[in-house]
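Following: one structure in structure tokens, then a few remarks.
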Amino acid sequence: MRMMETGTVVIGTGPGGATVARELAKKGKRVVLLEKGKARDWSVGNPLAYAAMYDIRRSRQGILVRRGITPGGSTMIYSGNAYDPPSFLKDDFGIDLAAEVSEVKEELNIRPVPDHFYQNYPGTRRLVEAAGELGHAMKPQARFIDSALCDPHCDKCLFGCKRGAKWTARSYVNDAVDEGARLVTGCDVREILHVNGMVNGVSAQTDDGPLTVFCHRVVLASGGMGTPEILHRSGIKGAGTHFFTDPMAVLLGEMKEGSGTFREITYTVADESRKGEFVFGNVGAVNAFVAQVAAKNFSALPRGARMKKLTGMFVKLCDEPTGEIRADGSFHKAFTPKDEALMAQGIEAAKAVMVRAGVRPGTIAVAKGIGGHPGGTAAMGRVVGTDLQTDIENLYICDNSIMPVSGGTPPVLTLIALARQFAGKLA
């Protein structure tokens with residue numbers, strides 16, 4: 001058995017964990033950063049990312065959840081959309097992240113892609129125009145993307161980014177290492193060690209055998225699914241319930257004439273008028289097609305031969321936190337009647353936009369129940385306090401699992417800002 005000793009162990013390298021490790025290391029703190037996945041850079045920027053970096057799991061009720069298991073976590077395979085924190089953080093918990101959000105936006109140059117990108121997107125433009133004619137405002141979305149490095153016809157954000165145009169938490173991991181943090185990849189944390197109500201280390205399994213890291217502080221940031229599994233194994237009660245996933249429905253249809261959204265960047269515009277219930281917007285043809293395959297809508301497979309005529313849209317639901325991650329690692333998540341009703345409304349709105357834009361109604365396929373923002377399973381008020389500490393002294397959680405309910409939108413900006421504020425207090 002290998003043994004190490006440090007001041008702080010950070011488990012997970014997504015936006016929460018990577019930010020905490022970076023901020024503490026910059027302050028001269030001793031940090032060991034543990035990541036279950038490996039880098040596997042050969043897969044970045046192509047569909048092989050699904051085999052090398054994705055963990056795709058399906059609940060017994062059919063909800064599919066995708067997450068990244070690799071340095072950088074799910075930011076390696078996210079679309080790069082940036083949304084401000086949900087209002088409940090400030091209103092209900094007194095957590096004001098305005099200053100940190102402003103700093104992150106400035107540092108990472110978060111903004112929509114330039115207008116000239118859209119001038120070369122005939123399919124997306126048609127969707128926006130059709131939405132406007134139906135009374136919906138599909139507006140450009142702020143992105144973690146450097147447009148100077150981005151190829152506007154790539155649309156491979158969900159496979160990773162070879163050009164370095166999309167910000168990922170891997171850059172913060174690298175910053176932490178440059179500041180003296182130690183990174184261990186391929187490290188499956190099995191248990192958080194604690195004695196008399198106080199943390200004293202972490203037990204893990206690596207390719208080189210068992211590893212124990214002794215420390216006086218642990219920051220758990222393994223995400224809405226990984227965090228409760230570790231808490232369960234560590235004998236810490238209360239985690240795993242109130243699971244939400246922000247599930248999507250991805251629609252795919254064929255244009256009557258003209259081109260679709262082939263080689264047009266996914267998730268660049270969206271209607272947010274019903275945020276808190278659902279949002280909907282555009283999807284590139286390839287990603288919309290892959291979603292049908294992931295959802296086992298195999299009747300859509302022949303349409304791959306007509307990819308240039310295909311058009312995609314998404315509906316992202318703000319779902320109720322009714323799922324559960326169990327001690328054996330299985331998870332349970334289904335649509336509630338309210339979820340079903342809201343998703344149906346969103347799908348009908350998206351279908352109407354597609355038909356108005358020139359899609360043949362009979363060709364529209366829907367891949368329903370694809371989740372991407374697992375959370376709620378170690379929430380404030382149930383498992384952690386507003387200081388993010390659990391009942392175990394010096395065991396903290398800083399990832400999407402601490403959100404009591406879904407914000408209904410991508411949480412990356414919120415998690416970076418929250419982690420900055422939290423790390424500043426720790427340091």
Would you please say whether a donor-acceptor pair under 3.5 Å links the side chains of [X] and [Y]?
X: Gln141; Y: Tyr83; value: yes
X: Ser79; Y: Asn81; value: yes
X: Asp399; Y: Ser222; value: no
X: Asn174; Y: Ser171; value: no
X: Arg303; Y: Gln292; value: no
X: Asp146; Y: Asn109; value: no
X: Arg170; Y: Thr70; value: yes
X: Ser203; Y: Arg190; value: no

Open item on the list: Does the Lys NZ or Arg CZ of Arg66 fall within the cation-pi geometry relative to Tyr54 - under 6.0 Å from the ring centre and within 45° of the axis?
Closed with: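 Relative to the ring axis of Tyr54, which defines the angle, Arg66 lies outside at least one limit.
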Task: Six-ring centre of Tyr267, Lys316 cation under 6.0 angstrom, axis tolerance 45° - done: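 Not satisfied by the 6.0 Å and 45° rule.
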- [ ] Please report the closest heavy-atom contact between Val366 and Ala249, naming both atoms and the distance.
- [x]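 Heavy atoms of Val366 and Ala249 come nearest at CG1-CB, 4.0 Å.
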Open item on the list: Quick test of your reading of the model: are Asp151 and Lys162 salt-bridged, counting only N-O distances below 4.0 Å?
Closed with: no
Open item on the list: With a 4.0 Å cut-off on N to O distance, would you call Glu229 and Lys36 a salt bridge?
Closed with: no
Open item on the list: Students often mix this up, so state it plainly: with edges at 30° and 60°, are the rings of Tyr78 and Phe144 parallel, tilted or perpendicular?
Closed with: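 Plane angle between 30° and 60°, so tilted.
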Open item on the list: Pair Lys90, Asp96 - check salt bridge (Lys or Arg N to Asp or Glu O under 4.0 Å), show working.
Closed with: CA-CA 5 Å; Lys90 183 177 179 181; Asp96 186 351; 3.7 Å; yes
